[in-house]
Amino acid sequence: MGAHDAARRPQVGAGHLNDRVARVVVDEPALEKPFDYLVPEHLGDQVRVGTLVRVPLHGRRVGGWVRELDVEPPARVALKPIAKVTGWGPAPELFDLAEWAARRWAGRLPHFLRTASPPAAVHGLPPAEVVTDVPVGPVDPLMGEALRRERSLLRLPPSADAYPLVLAAAALGPTLVVAPAHATAQLLASRLRRAGVPVALLPREWARAAAGARVVIGARAAAWAPVPDLAAVIVLDEHEEVHQEEASPTWNARDVAAERARRAGVPCVLTSPSPSLEALAWGELLAPDRSTERAAWPIVDVVDRAREDPLRTDLYSPKLVDLVRSGKRVVCVLNRKGRARLLACGSCGDLARCDRCGLTVAMDDDVLQCRACAATRPAVCLSCGSSKLKVRRLGTTRAREDLERLAGVPVGEVTGDTDALPDASVLVGTEAVLRRVDQADAVAFLDLDAELLAPRYRAAEQTMALVARAARLVGGKAGGGRLLLQTRLPRHEVVLAALHGDPARVAAAEAARREPLGWPPYTAMAHVSGAPAAEYVAALQGVQVMGPADGAWLVRAPDHEVLAHALAAVPRPPGRLRVAVDPLRL
DNA sequence: CGGACAAGCTGA
DNA sequence: CAGCTTGTCCGG
């Protein structure tokens, strides 16, 4: 472009009649209002809806996304030109989805647009790979059925492989797959690639996804990946909590992916060995026949610790010691995280529990207090009346030493902070060990009750998820996979569900417990905290506000529509307000 | 959000 | 009344 042309470029604020005008959402969370800018002629071919740009605003330069093109700017506003094109951004339909998500999880639009944008600037797209044909063999009838429906929840036992489902979906057209972990996505991506299916693995291959791949796959944020001509959506292990963002806004990739499929009018399949109540409420359940599913769960040994030896408070039953001595690859799980200390009766060994809600209680000024419902009672055992309560607190470090001594084999310890997996056939760890190890002969839960009785409303579901993850490491009954569950609650539905390979038992019990108490998914909840929380919740209308407890409030509404409406109706006071919709840990 | 500008507080 | 803090407004 010569100096002559440059001189004819519009001056700031001048605006030629035929200049295009772009409406831009700026990347300033506090600024909800979009601003209009001129599209300079030399950038014309690079500016589309979704493009990432830099624009002048109030004397500085900010990032933003082109929301709309050729808009009618408000009168009497001198438009400035877009300063720079940063690169490709979210596809137009993802803007609507981001707006929906911002409302659903009471977050800001730019937050979701950032998630839907490439991790590094993308200036051009690679050529789309040519799809010859997807090598899909005979499709499993259940998987085929799932893909014929608008939305289905496919209960795949722990040892089942989701790969054929992904392949069958890919035969329909471009498929979005959301996996619970990047490693899972990576593994599936390489299998697909070996089969000749063009794959984009997110987040790295954002540009490849935008150019058009047959399968776009990744963990949580991949729910926002570009997928031109989307034909199917799959969410693997929908029950996994990692699908939900921990920081506020606490959006869930399962829900985003499902909404995306609904908007695109394409089939959405959620898979899980033990579906969440949320998913059961969302779509139709498809499950293998009882005997098939049962066989795909491992052999389960239940050690009833109360019956075996009521006086024992240690964690090493003879069965466990035998297992550890057997020379097999054994993973022992002991979740020592959580500040709560468990109290056990010194006479009968029973755990001290709340007489109202059944959760474990803590000693507080010589009385027992329930952390869930705040009920108090005298410090005596409910089973035998003894007032001799002992604190039971065991960590993986201690368990490792004990096991090594008892079994006479080297034992390694694995927690969330462990870097390299210890080179030992027997491992003891927190639940992190179940993510770090992918194969074992047996998994033993040293103290399943610490999970079952955790003072959280989702405790049973969360425990079932852990058991399912353990079941995946050891495989089905045919391969000899074993789970050892040490518990004082052998009739608990989680124990029975594992024993019978029947996760519906947990769902039924959970539903019966939560519905009368008004817990999700029968209601919609938000946890509101931070300095301005008091002022904010006081102004909420049409919802139930509970609290404060520890400086935080719980907001409850009959459904998410009502909750989102109420949360959006009140302007946010200045300061750090945290709103966590669908809190998992209450 | 962050700059601009206006209204209020302090000090000599 | 300068010089500074604090508050409110607004951006294209």
Side-chain angles (χ1 to χ4, degrees), chain A residues 6 8-90 92 95-96 98-99 101-103 105-119 121 224 245 247-251 528-536 538-539 567-580:
Chain A
R8 281 207 323 215
R9 251 184 251 157
Q11 298 294 302
V12 168
H16 285 188
L17 211 62
N18 55 359
D19 267 327
R20 304 183 77 188
V21 177
R23 189 150 291 166
V24 173
V25 173
V26 293
D27 191 3
E28 294 285 345
L31 287 184
E32 304 210 339
K33 195 174 66 159
F35 296 96
D36 295 337
Y37 292 88
L38 296 171
V39 180
E41 220 171 302
H42 68 286
L43 295 178
D45 57 338
Q46 295 172 56
V47 175
R48 283 166 295 261
V49 171
T51 301
L52 274 151
V53 292
R54 304 224 22 113
V55 291
L57 184 73
H58 214 78
R60 60 211 164 102
R61 238 181 221 200
V62 296
W65 296 266
V66 174
R67 175 62 177 112
E68 258 181 284
L69 274 171
D70 303 317
V71 294
E72 189 62 44
R76 277 197 302 273
V77 176
L79 299 189
K80 291 179 176 166
I82 288 173
K84 185 172 172 275
V85 167
T86 309
W88 284 72
F95 272 91
D96 298 331
E99 272 159 12
R103 193 178 148 78
W105 284 284
R108 313 280 200 171
L109 182 61
H111 181 98
F112 293 101
L113 293 178
R114 277 198 294 266
T115 310
S117 299
W224 297 95
E245 178 73 60
S248 172
T250 51
W251 61 276
V528 181
S529 56
E535 186 190 341
Y536 180 72
L567 294 175
V570 174
R572 297 224 177 172
R576 278 181 64 89
L577 183 74
R578 182 184 140 91
V579 180

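Chain letters run A, B, ... following the sequence lines, proteins first and then strands; every chain starts at 1. Please read these numbers as outputs of a predicted model, since none were measured by experiment.
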In whole angstroms, the gap separating P of C:dG11 from OH of A:Tyr37 amounts to 11 Å
I need the CD-P distance between A:Glu72 and C:dG12, as an integer number of Å.
18 Å
d(CD, A:Glu68; C1', C:dG12) in whole Å:
14 Å
Do the side chains of A:Asp27 and A:Arg108 get close enough for a salt bridge, i.e. N-O under 4.0 angstrom?
no
Under 4.0 Å, counting only non-hydrogen atoms across every strand here, what does A:Arg60 touch: a base, just sugar-phosphate, or nothing?
base
For nucleotides 6-10 of chain C, give me every protein contact, N/O to N/O, under 3.5 Å, one pair per line with atom names.
none

With a 3.5 Å distance limit and no angle check, can you tell me whether A:Tyr536 reaches the backbone of A:Leu567 through a side-chain donor-acceptor pair?
yes
Find the distance between CG (A:Leu57) and NZ (A:Lys80) and round it off to the nearest 0.5 Å.
8.0 Å
Contact class for A:Pro29 (heavy atom, under 4.0 Å): base, sugar-phosphate, or nothing?
nothing
Measure from CZ on A:Phe35 to P on C:dG12 and round the result to the nearest Å.
7 Å
A:Glu28 CD to C:dG11 P, in whole Å, measures 15 Å
Which whole-number value in Å describes the distance from A:Asp70 CG to C:dG12 P?
21 Å
From CD of A:Glu32 over to C1' of C:dG12, roughly how many Å is that when rounded to an integer?
17 Å
Judged by atom type as modelled, is there a donor-acceptor pair below 3.5 Å linking the side chain of A:Tyr37 to the main-chain atoms of A:Pro56?
yes
A:Asp27 CG - B:dG2 P separation (whole Å)
12 Å
Under 3.5 Å, side chain of A:Trp65 to main-chain N/O of A:Val25, donor-acceptor pair present?
no
Any side-chain to backbone donor/acceptor pair from A:Arg54 onto A:Arg61? Under 3.5 Å, distance only.
yes
